[in-house]
Amino acid sequence: MINVLAAAEWGGKFEGVLDPINSLFDFPAYLLTDLEVFGINLGINRTILISWIMLAAVGLVFYLGTRKATVVPSRFQAFVEMLVDVNRTIALEIIGPKGLKFVPLLTTFFVAIFVLNFAKIFPLFMMPPTSRAAWPAFLALTAWFVYIGVGIKEQGFGHYFGETLFPPGVPKALYIILPPIELLSNFVLRPFTLAVRLFANMVAGHILVVITLVTIHVFLPSMPVGWTVGTMALIVSPLVFAFELFIIGLQAYIFTMLTAVYIGSSLEGH
Amino acid sequence: MEGSLNVLGYAVATLGPAIGLAVIIGKAIESMARQPEAAGMVRTTMFIGIAVVEALALLAFVLAFAL
């Protein structure tokens, strides 16, 4: 739609603003531009720099918040403790008492996903590293290894896979069709949907933010038709940012929560 | 007309999960309002259900780009 509007305003000469869409996500490397491994460029580009800066910032927050931990917390320490406590509640409610040892993992997931998503609406960055497929895939693979590993450790290899693929309590005839379905849903679709849910939400959100801001930037200075569109986009843009903030928190929470659910289902058995 | 038919396919594919999500979340809200003490359990089960149903829409999203 924006291309149509832009073409109308600019007399049809408006090529290459948002096309191809890859240019919103793919950036040239700043450093180590020639470093290639197996034909993949491993240069340090904007996405990687944003990830490093955001993760270093959150690491600094946690270090400063817990460096001089006191029984009666200061405000800053109380904030950091609140972040951990949210995940402690998730672990206790979903996994149960055994979930306490997974609180560090869940906190890492929650905080890392939140700050990496938050780069989407953070001035200067305006680009979520989680909208490149590598970050969600890495996080989901970590969750995958953890919940399978926990299942094998707690229930034993044969028992875990046996009970997962052949759930007890169903009619014997169903054992013909049930194992492939269970295999697909437990070991393929779970990590896949974890990754794709985060990835798709971030891609869509980034495109939405970019379209809003580009609309303001392009239309606001031009009179008189474009001015109207630009003003409307300017009014809408805080709502877009608030909506994105909601999505950012929700995705971090859902990822953490589903990881806890999967770990809990590996722990319990049937 | 230019463009990809995949987009229309994705639009159609979202209808089923949309209805499913509406039913799941609506019922969950209803049961939470009736029995607030069971809210934690209902929420957990709701998220599991959402994850299963939403997988269809996510598969469609991926296939819209991949095919």
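Residue numbering restarts at 1 for every chain, and letters A, B, ... go by the order of the sequence lines.
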### Query
Within a reach of under 6.0 Å around CZ of A:Phe243, are more than 12 heavy atoms found that belong to other residues, nucleotides or ligands?
no

### Message
Taking OH in A:Tyr175 as the centre, count heavy atoms belonging to other residues, nucleotides or ligands within less than 6.0 Å. Is the count above 12?
### Response
yes

#### Entry: Side chain, backbone, both or neither of A:Ile254 within contact of chain B (heavy atoms, under 4.5 Å)
side chain

### Task
Could you walk me through whether A:Phe192 and B:Leu59 pass side-chain contact (heavy atoms from CB on, under 4.5 Å), step by step?
CA-CA 9 Å; A:Phe192 181 75; B:Leu59 282 176; 3.5 Å; yes

### Query
Do other residues, nucleotides or ligands put more than 12 heavy atoms under 6.0 Å from the CZ atom of A:Arg46?
yes

### Task
Could you pull out the closest heavy-atom pair between A:Leu258 and B:Phe47, with the gap in Å?
CD2-O, 3.9 Å

### Message
Can you tell me which portion of A:Val261 sits under 4.5 Å from chain B's heavy atoms? Options are side chain, backbone, both or neither.
### Response
side chain

### Query
Tell me, side chain or backbone of B:Phe61 under 4.5 Å from chain A's heavy atoms, or both, or neither?
side chain

### Query
CG/A:Asn201 to CG/B:Leu58 distance, rounded to the nearest 0.5 angstrom?
8.0 Å

